[in-house]
Structure formats: structure tokens, C-alpha cells
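Report on the structure given below.
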Amino acid sequence: MPPLEHVVLCREAQVSTLQSLFGERHHFSFPSIFIYGHTASGKTYVTQTLLKTLELPHVFVNCVECVTLRLLLEQILNKLSYLNASEGCSTEIICETFNDFVRLFKQITTVESLKTQTVYIVLDKAEYLRDMEANLLPGFLRLQELTDRNVTVIFLSEIIWEKFRPNTGCFEPFVLYFPDYSIGNLQKILSHDHPPEYSADFYAAYINILLGVFYTVCRDLKELRHLAALNFPKYCEPVVKGEAGERDTRKLWRNIEPHLKKAMQTVYLREISSSQWEKLQKEDTDPGQLKGLSAYTHVELPYYSKFILIAAYLASYNPARTDKRFFLKHHGKIKKTNFLKKHEKTSNHLLGPKSFPLDRLLAILYSIVDSRVAPTANIFSQITSLVTLQLLSLVGHDDQLDGPKYKCTVSLDFIRAIARTVNFDIIKYLYDFL
Amino acid sequence: MATSSVSKGCFVFKPSFKKRKISVPIAWLSLHVAQLQEELNKNLFDSLIEFLRKSHSGFHKSSDWGCQIKLREIPTAALILGVNVTDHDLIFRSLTEAIQSNVTHYVVSLKAKDCPDIKHFLQKFVTQLTDCRGDVKSKEEESVQVTQKKTHCSMDLLTTWYKTITKKTGPKMPSKKRITSSQWHCPPVVLILKDMESFSTKVLQDFIIISSQHLHEFPLILIFGIATSPIIIHRLLPHAVSSLLCIELFQSLSCKEHLTTILDKLLLTTQFPFKISEKVLQVLTNIFLYHDFSIQNFIKGLQLSLLEHFYSQPLSVLCCSLPEAKKRINFLSVNQCEDIRRLPSFRRYVEKQASEKQVALLTSERILKVETQSLLENLHVYHLNYFLVLRCLHNFTSSLPKYPLGRQIRELYCACLEKNIWDSEEYGSALQLLRMLAKDELMNILKKCYKVFNSSEKQLGSTVKKIEEFLAEFQNLDDAKEEEDASGSQSKGFQKTDLYHLQKSLLEMKELRRTSKKQTKFEILREKVVNFIDCLVREYLLPPETQPLHEVVYFSAAHTLREHLNASPRIALHTALNNPYYYLKNEALKSEEGCIPNTAPDICIAYKLHLECSRLINLVDWSEAFATVVTAAEQMDGNATTSEERNEIIHARFIRAVSELELLGFIRPTKQKTDHVARLTWGGC
């Protein structure tokens with residue numbers, strides 16, 4: 001096993017804190033340690049490599065996977081029993097409650113190998129514990145006390161400890177913060193895994209350019225590593241072709257920089273997938289040709305669905321009292337200047353959609369469609385299917401008999417595109433734009 | 001024999017007409033539709049399967065430097081299917097079959113309805129996955145293990161399950177023919193999420209995070225079924241999660257194109273004897289375009305009209321392929337012959353004949369049958385020519401600006417079915433536009449038409465020749481013109497011109513043009529072509545009503561179809577309450593407009609009274625009015641019971657009527673005013 005300082009970079013302070021916390025094997029350690037920090041700041045990696053290189057008995061559990069309490073507890077116990085039983089006893093332990101867990105935990109750790117040294121339980125993505133039973137988090141925090149065994153629970157989370165603390169109070173864990181990597185750190189870590197066929201300096205120069213482009217938008221180490229690997233072949237291209245030497249940084253920079261910028265707009269946002277990006281690179285085509293996911297905004301709808309959606313949009317964003325002005329052919333002589341005095345200063349589009357009853361939707365629908373629309377079963381089922389497509393949303397109760405209320409959830413641009421296809425000037429009917 | 005139902009008709013040993021006649025065309029229809037859809041989806045499925053195959057090909061070999069560094073992303077296919085959600089099930093079913101026979105056995109599809117949270121999601125996933133094992137033997141062993149764990153399914157369980165499966169089948173794969181065992185040591189697991197829009201964000205996020213952590217030992221591929229647009233992915237998943245996916249987009253054929261192909265293959269062909277009239281076609285396409293975009297429903301409508309036709313038209317016996325029909329004519333009974341004579345189109349035909357023949361047709365059955373045979377044959381030929389000319393005309397009109405005769409062939413077909421197309425204004429303007437076409441456009445169209453006519457054998461042979469001639473002439477024109485151009489351009493050259501000279505030369509050119517108003521060769525030829533098309537249309541695109549015996553194959557009862565397919569519950573309810581005679585057919589209920597008959601059911605009286613009220617209805621007034629209407633009748637026959645007792649009964653009846661109306665959703669109690677109820681419906685329906 002390689003020495004720790006070669007595997008874990010730029011986390012010397014945290015490692016030494018942890019090591020001093022752990023102490024000697026047989027020492028009792030702090031009952032619970034809470035480690036937090038941003039995504040990809042090395043929490044999981046440092047903990048895992050530390051425990052592995054020191055060969056400490058530990059159990060590693062990811063809380064996302066444990067959808068129920070039972071799964072979580074059983075996973076811990078089973079992994080523990082695998083630890084001490086080298087011959088592999090395959091009896092599955094069944095554990096329903098935390099009480100059982102404490103009892104079974106005591107049973108398992110009676111073994112000599114686990115009794116004499118500290119056992120570590122690492123709970124990754126600990127924020128999921130908050131959604132489980134209320135006694136779980138306080139229980140894990142003082143597991144050492146409850147079980148009377150040499151055990152330490154390590155929580156890993158992206159959220160600060162203050163957001164965890166239960167109302168009723170609990171045992172305070174030792175809180176350890178993993179700060180974000182600085183640009184220098186990132187450079188060092190990323191350059192560390194250079195490909196075998198190129199020199200470290202060459203790769204470090206590449207990483208330097210990459211960070212120059214991406215550092216402003218992304219500090220996620222995993223993502224940066226991914227992007228580095230994805231775009232590296234393009235960087236090497238002039239070298240492979242023999243157009244530039246490995247030291248010809250300026251030429252290489254000019255080659256890669258626009259490419260990376262394009263990558264930032266497309267593959268980084270997952271507008272186009274990594275494999276598609278690689279394919280484009282290989283064929284050396286312009287990435288502009290491939291449309292990203294967001295380019296496909298057009299939704300084809302049946303004729304009446306379009307009008308229902310338009311009517312819903314109008315009902316959502318116009319005050320109900322203005323309907324008379326917009327949809328009545330002979331609305332009398334309402335003086336425009338008087339009428340248009342806006343009582344609400346803010347635009348309805350800033351306030352978001354308001355809910356409206358079904359009747360209002362239908363009334364507007366009948367007045368904006370040129371031909372006569374019969375209220376057939378098809379019209380009603382269209383409204384429901386628009387709800388399932390998430391273009392409308394049902395507000396409140398779902399009792400269909402008792403006057404259901406809806407909201408329109410589409411954007412102005414979307415509805416304008418829809419209205420254009422049926423030659424309906426929607427802006428003329430919107431109170432905000434009068 | 002007598003009791004065998006319609007659906008059994010195919011299997012009856014000695015079929016009589018009545019039993020066979022429906023089942024055969026319906027079977028034909030559904031078979032063809034299935035085939036068509038398979039063909040239409042073929043491209044999509046092929047590319048999808050290609051994607052599925054290659055996406056986990058690198059599984060287990062990660063020696064490459066790039067592979068080690070790169071994130072392991074879950075291969076994901078975003079399948080955009082359009083808003084016709086009713087059709088999706090069929091597509092997913094055939095997709096599952098296609099994947100199972102080509103890529104992997106392990107295909108699971110989940111619906112959002114079944115997965116309110118991640119626990120149920122995993123449970124469904126595990127149970128379905130363990131169920132879709134190909135061989136039954138190991139399934140039994142598995143099921144014991146699985147059922148006891150059904151209560152707590154986790155990804156760990158799945159990965160261990162997957163390991164045992166691959167270990168077991170790895171070396172001695174139960175070789176399904178198309179899957180080469182060497183290639184598929186580790187078949188991927190495909191998960192189809194049928195309705196992406198309805199899934200909750202949390203469930204999806206959690207599942208993607210969990211499965212991405214196990215991806216190295218559990219090769220998962222996701223397929224998202226998306227009805228609207230792929231933006232929904234970004235709306236549902238944050239960047240941290242969507243960066244775990246490797247999303248590729250697949251778009252299915254637009255449903256309008258789908259409809260066009262189906263119409264083309266089912267209705268615009270002589271293979272299928274059954275035809276529908278303009279009104280029926282209009283009803284079916286309107287439902288499709290205005291309401292649901294559902295191919296499934298369109299086919300159902302077509303099937304319904306087929307059934308209705310066979311059910312209501314006695315002569316539909318003859319609605320089958322031509323040789324079969326000719327055979328059947330010989331077996332027609334006296335009554336059926338009488339039916340033929342009663343057909344309006346046949347009567348019109350008879351009236352045009354000479355008087356001896358009229359008598360013969362109306363009296364002799366033998367002559368009638370012979371005549372019917374020839375008429376049916378004429379009808380067949382008429383259809384053959386009709387569709388050819390229709391396609392040809394469509395080629396001409398589909399590229400015109402503003403599409404006077406419609407962009408799609410179905411619009412043109414509708415127009416031609418309705419009346420003489422050449423009488424319509426649109427046809428006139430279309431011809432006008434045709435007279436202005438440029439040469440290369442015209443030649444392109446002519447080439448297309450040539451192909452159309454050539455595709456069918458020996459029909460309209462002279463027309464093919466004529467088109468060929470036209471094409472040749474255009475070609476000649478081309479050559480001649482080139483020569484002309486060559487000579488013309490030389491004289492012009494590049495001489496320097498001042499303003500004066502330019503003006504002069506322009507004036508000269510204008511003069512020249514006026515004098516040579518005489519048409520060029522090309523214009524003459526173009527005129528010829530347009531006239532030729534016009535003649536074709538006038539000769540062959542007669543509406544079907546003009547053909548004798550058209551009733552045999554054309555279904556025209558559009559209103560029944562509309563009643564069945566586009567039901568309007570609110571109108572029906574209003575009619576029932578407003579005019580109870582319409583449904584009850586009781587003479588006592590007959591009443592003129594506006595007045596309320598006291599003999600009507602209580603709920604009808606209450607309903608009619610409530611129609612006159614505004615948004616809030618005063619219960620006391622309502623009850624009083626109700627009592628007045630009800631007692632109006634009973635006053636006539638001397639009152640036997642005491643008035644108090646009677647009032648109580650009326651009161652009870654009123655309360656019952658009101659609560660019935662509440663149940664139907666017309667009114668509801670309100671807190672705005674005491675003793676009032678709120679009205680919930682407006683307008684006449």
C-alpha cells in the first residue's frame with residue numbers, strides 16, 4: 001500500500017487531525033465525528049483511504065441507499081459480522097429497531113478482534129438520516145455510551161451541523177470542516193493523474209489551461225477530472241499530428257481554448273452527452289451542428305389543446321374582472337383610460353400564475369376559438385392530459401365534482417410560440433402588456 | 001353454428017356470409033395496422049438498440065487511462081414520443097420485445113403512478129427484474145430468495161442478484177438465437193421510465209445517485225419516455241444529478257406523419273375494399289387533429305365505422321375483394337336483390353338505361369346479378385384510377401404557395417370526396433398558380449407523377465406515355481434554350497454603359513417584350529401540361545356518389561360515429577333534465593319550449609327552476625316555486641290528503657331533488673349566505 005501522503009493530496013491538516021483523534025488502536029476515540037464540506041472536497045475519499053491504510057476495522061454505509069431504517073441498521077450489522085468472521089458466516093441478521101440494533105451490536109462486538117480496538121462506523125450522506133426516525137441521529141451520536149463498546153461514528157455530509165441538531169438537544173459531535181480546494185490545490189491534484197504516455201509537465205500545462213476556463217463556473221473536482229479526460233485528446237492533437245511540439249504551449253493553447261469554451265456551453269451542462277462529445281471530437285465536426293437538449297423546445301399539441309393552454313394562460317395571468325373587456329364583443333363603453341388604471345402596480349408576470357376555476361377556463365376557451373366548441377368528453381380529457389404533461393397543474397383538492405382549480409405552468413415564450421401556430425395574438429389579450 | 005359469434009367467425013368450418021363477412025376485414029385491418037406501426041417504428045428502434053448495445057460494451061475493461069479518470073455515467077436514452085400518451089403503451093410494449101430479443105432479457109418498465117417514493121420504486125424494480133428471467137428453472141430458486149426480501153429491496157440485493165445471474169449463465173448461456181454468448185457475458189439491465197413528466201424529482205434523483213454508485217457492478221441503462229420536450233430532464237434533475245447521466249436523444253415519428261402513412265396505406269388503396277365518405281373521414285381526422293393526436297383512437301374509429309357499416313348496410317356482403325364479391329353475387333337471395341334495386345345510386349343508374357333494359361333489371365334476377373358484377377368491376381377500376389390521379393394531383397398542388405388545396409393528401413382527398421373538385425374556387429386558383437410554375441419545378445413534379453403511374457401496372461397506360469412525352473419535350477426545350485442563351489449572351493458582353501445608354505437599352509427591351517407577347521415554347525408546353533392535368537381530374541376524380549353501387553363500400557353515417565367517439569356528457573345530462581321526453585319517451589312528458597310540465601320527474605322540475613337563477617340560489621324561493629309547479633296538477637283532482645301532509649311530502653320531494661342535483665355537480669352548499677346554494681354550471685349546457 002502506498003504511503004498516505006502520496007495518495008491523499010492537499011489534505012494534510014485534516015488527515016493529521018483525524019489521526020490524532022483516532023489515537024492508538026486500543027484507545028477510546030471521540031464518540032462521534034461530524035465531517036462536512038462542499039461536494040468533491042475529499043471527505044469520503046480521505047476517510048476511506050485513511051481507514052483502509054491504517055487497517056482499522058470499519059463499516060462504510062451510504063445513507064442514500066438505505067431507504068428504510070431497517071436497511072440501514074441491517075447493513076451496518078451485516079458488514080460488521082463479515083469483518084470479524086473470516087470464514088464468512090452467512091446468517092443474515094434481522095434488525096427492526098434501534099433498540100435491537102444496540103443489543104445486536106453488543107453481541108457482535110464481543111469478538112476479541114473487535115473488542116480490543118476502536119470500531120468505526122462511517123455514515124456517508126448523513127443528511128438523509130434527518131428524514132428517518134427521530135431517535136436515529138441522537139442514538140448514533142452517543143452509540144459509544146449506549147453500547148458500552150469502543151466505537152466511533154463518523155458522519156459525512158455537505159450540510160453544516162447546525163442544520164442537523166434536533167430540537168430536543170443531543171450529544172455534540174466533534175465537527176471537522178473540509179474547506180474547498182484552492183486553485184493551486186486543484187492544479188496539483190488534477191496534474192497528479194497524468195496519462196502514462198505523456199510527461200507530467202505537458203499534462204500540468206493542459207490542466208492550467210483547463211482551470212483557466214472552467215474554474216469560474218465549476219470547482220467540483222470530479223467534474224473537472226471528467227472534463228480533463230474528455231478534452232485531453234483534442235489537446236494532444238497537434239502533437240500527435242506533428243504540428244507542434246510538447247513545449248509549444250502557445251500553439252497548443254490556441255488550439256484548445258475555443259474548444260474548451262464550447263465544452264463549457266454544451267457538455268458541461270449536459271446539453272449533449274459525453275459520448276456524443278467524444279464522437280464529435282473524433283470526427284472533428286463543429287459541435288454547433290448537434291443540437292442540445294434545450295434546443296428541442298417545440299411541443300406539438302392538438303388544435304384544441306393549444307387553445308385550452310392559451311385560455312389557461314390568459315386565466316392565470318389576467319385578473320378575472322378584466323375578462324369582460326377582453327372577451328365580450330360588446331363590452332359597453334368602458335373608458336379605456338379609466339379602465340386601464342392599474343390597481344396592482346406589479347406585473348402579473350412577476351407574481352406568477354394565479355389559480356382559476358374550470359368554468360372560467362371554458363368560458364375563455366369558447367370565446368377565443370372561432371368555431372363553436374361543444375363541451376365534449378374529449379375537451380375535458382384534454383384538460384386532464386395537459387395536467388399529466390405538467391403544462392397545467394391542479395391546485396388543491398382533487399375532487400372533480402366540486403369545481404376544480406388549475407394553474408398554467410408554461411412560460412410566456414412557450415405560450416407565444418403556441419399562439420403563433422394558431423395565429424392568435426396573445427399579447428393583445430394580456431393585461432400586463434396593454 | 002347458429003350461436004357462433006362474430007369473433008369466432010374465422011374458425012367456423014363452413015362459413016356462411018353473415019358470419020365471415022365482418023371478421024375478415026377487421027382481421028385484415030388490425031393486421032395491417034400492426035405491420036405498419038412496426039415499420040414506422042423500425043428506424044427509431046434500430047437506433048435505440050444500437051445505442052443500448054454499444055453503451056455498455058466497455059463494461060469490465062477499464063484499463064485505458066481515460067476510462068479510469070472519466071466519470072462513470074449512466075447511459076440514458078431520452079425518448080421523445082409526442083403528446084399522444086395513449087399510443088405510448090403500444091410503443092413501449094414493442095420496444096420491450098425488441099430489446100428482449102436483441103439486447104438483453106432484463107427489461108423493466110415503470111410508471112410514475114406505481115412509484116410514489118424510492119422504496120416502492122426499488123420494490124417494483126426488483127420484483128419485475130427478477131420476474132423477467134428467461135428460463136423458468138432458476139426463477140423458482142430465485143423467487144424463494146426474493147419473496148422473503150421483498151419488504152426491503154436495496155441496490156445491494158440487486159447487485160448480488162446480478163452477480164449470481166451472470167456467474168450462472170456466463171459460461172453456458174442458454175443461447176437465445178440472436179444473442180451471441182461471448183458478446184453478452186454481462187447483459188445490461190434496461191429500465192424504462194414510461195412517463196418521465198409524472199415522476200417526482202426526489203425519487204428520480206435518489207435512484208440515479210444510488211445506481212450510479214453501483215454502476216461498475218450493475219450495468220444499468222435508463223430510457224426516459226418523454227411526452228413533451230427534453231427540457232423536462234433539466235427541470236426535474238439538478239446539475240449534480242444530471243451530470244451522472246449520459247443522455248442521448250431519440251425522437252419518434254411525429255404523429256401527423258404517422259397518420260399520413262396510415263391513411264395512405266389503408267384508405268388510399270384498393271387493397272382494402274372498405275371506404276369511408278368525406279363526412280366520416282372529416283370526423284375521424286378532426287378528432288385526431290383537434291383532440292388527441294392518438295393513432296390508436298383513429299384506428300378504433302376506423303374499426304367502429306367498419307363494424308357499423310357491416311351492421312347497418314345489408315349489402316355490405318359485397319364489400320370484399322373483387323373476385324370474392326363476384327362469387328358472392330351468385331348466391332344473393334331475392335331479398336338482397338331487392339335491396340340492390342332499392343339503392344338510390346342503382347335507381348339513378350337504372351333510370352339512365354334504355355326502357356327494355358330497365359324492365360329487365362327490375363324484373364330478372366339473373367340480369368341484375370350480371371349487371372351488378374360488371375358495376376362492381378367498374379367501381380373497382382374507378383377506385384384504381386381515382387387514387388392514381390389523386391396522388392398525381394397531390395404532387396402538383398402540394399408545393400404551391402399557400403396550399404390552396406391543402407398540404408396533405410388527406411385534405412385533397414376530403415375535398416375530392418365532397419364534390420366535383422373542379423367546381424371549387426381553390427381548384428381554380430391552384431390551376432392559376434400551376435400556370436406560373438418554373439420549368440424545373442414542373443419537370444420535378446412530372447417525374448414524380450411518372451413514378452406514381454408507373455408503380456401500378458397497366459392502368460392508364462396512355463397517361464404514362466403522355467407524361468413521358470412531356471418530359472422529353474421539356475428536355476428538348478432545355479437543349480434549344482441553351483443554344484439560344486449561348487448566342488444571346490455573346491452580344492451583350494461587358495461594355496461600359498452610362499445612365500443614358502442604360503435607359504435606352506431598358507426601353508428597347510421593354511418594347512421588345514411587348515412585341516413578343518406571343519408565348520414562348522415553354523409557356524405553350526406548360527399550358528398543355530396544365531390542361532392535361534385538368535382533363536385527368538375531370539375524367540377520373542368524380543365524387544363516389546356518382547358511381548352506382550357506391551353504398552356497398554362507402555360508410556357515410558358520420559353522426560353515429562360522432563355520437564360514439566366524441567360524446568358530450570354535459571349536453572346529454574342537460575337534455576335529460578331539460579327535456580325528459582327525449583330519453584323517457586313518455587307522451588305525458590311532451591311539452592313545448594320554455595314551460596315546465598308538472599308531470600316531469602322532480603329533479604327535472606328543480607333543474608329547470610334553477611336554470612332561471614343567478615349564481616346564488618335562495619332555497620326558500622326555490623322550494624316555493626317547486627311547490628307551485630308540483631301542485632298545479634294536483635289541484636285539479638280534488639285533494640284527498642290534508643294540505644299539511646301534502647306540503648310535507650312536497651318538501652321532502654324537493655329536498656331529495658336538490659340533493660340529487662348536488663350529487664350531479666350542479667349546485668353546492670355555500671357559506672357566503674345562509675339558506676343559499678351556489679350554482680356551478682352556466683350556459684345552456
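Below, all heavy atoms of this structure are taken into account, side chains as well, without hydrogens, waters or symmetry copies. Here is how names work: the chains are called A, B, and so on, in the same order as the sequence lines, proteins then strands, and each is numbered from 1.
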Heavy-atom donor-acceptor pair, A:Y206 side chain to A:A228 backbone, under 3.5 Å |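 Checking the backbone N and O of A:A228 against the side chain of A:Y206, a donor-acceptor pair under 3.5 Å is found.
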Just by modelled atom types, is the B:Y290 backbone N or O under 3.5 Å from a matching donor or acceptor in the A:Q382 side chain?
->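 Side chain of A:Q382 to backbone of B:Y290, a donor-acceptor pair under 3.5 Å: yes, one is there.
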Only pairs of heavy atoms separated by less than 4.5 Å count here; which of [options] has the most with chain A?
| options | value |
| --- | --- |
| B:V83, B:I231, B:I118, B:N566 | B:N566 |
| B:M155, B:M196, B:Q251 | B:Q251 |
| B:I232, B:V85, B:D156 | B:D156 |
| B:I80, B:L249, B:I209 | B:L249 |
| B:S211, B:P230, B:C255 | B:P230 |

Using non-hydrogen atoms only, which part of [X] is less than 4.5 Å away from chain A: side chain, backbone, both, or neither?
| X | result |
| --- | --- |
| B:L565 | backbone |
| B:H291 | both |
| B:I226 | neither |

Name the one of B:S212, B:C246, B:S55 that satisfies side-chain contact (heavy atoms from CB on, under 4.5 Å) with B:E73?
-> B:C246
Identify which one of A:V299, A:T421, A:V369 satisfies the side-chain contact (heavy atoms from CB on, under 4.5 Å) criterion when paired with A:K306.
->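 Of the listed residues A:V299, A:T421, A:V369, the side-chain contact (heavy atoms from CB on, under 4.5 Å) partner of A:K306 is A:T421.
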Ring centre gap for A:Y198 and A:F232 strictly below 6.0 Å |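 Here the rings of A:F232 and A:Y198 have centres that are less than 6.0 Å from each other.
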Can you tell me which portion of [X] sits under 4.5 Å from chain B's heavy atoms? Options are side chain, backbone, both or neither.
| X | value |
| --- | --- |
| A:N62 | side chain |
| A:S385 | neither |
| A:L362 | side chain |

Counterpart residues, salt bridge (charged side-chain N to carboxylate O under 4.0 Å, His left out), relative to B:D206 (two or more places apart) |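 Here the qualifying residues are B:K202.
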For the residue pair B:F293 and B:D87, establish whether any side-chain heavy-atom pair is separated by less than 4.5 Å.
->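 Counting from C-beta outward, B:F293 and B:D87 never come under 4.5 Å.
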Most heavy-atom pairs under 4.5 Å with chain B, out of A:F380, A:Y268, A:Y304, A:F307, belong to A:Y304
Assess the side chains of A:E223 and B:H239: does a donor N or O sit below 3.5 Å from an acceptor N or O?
-> no
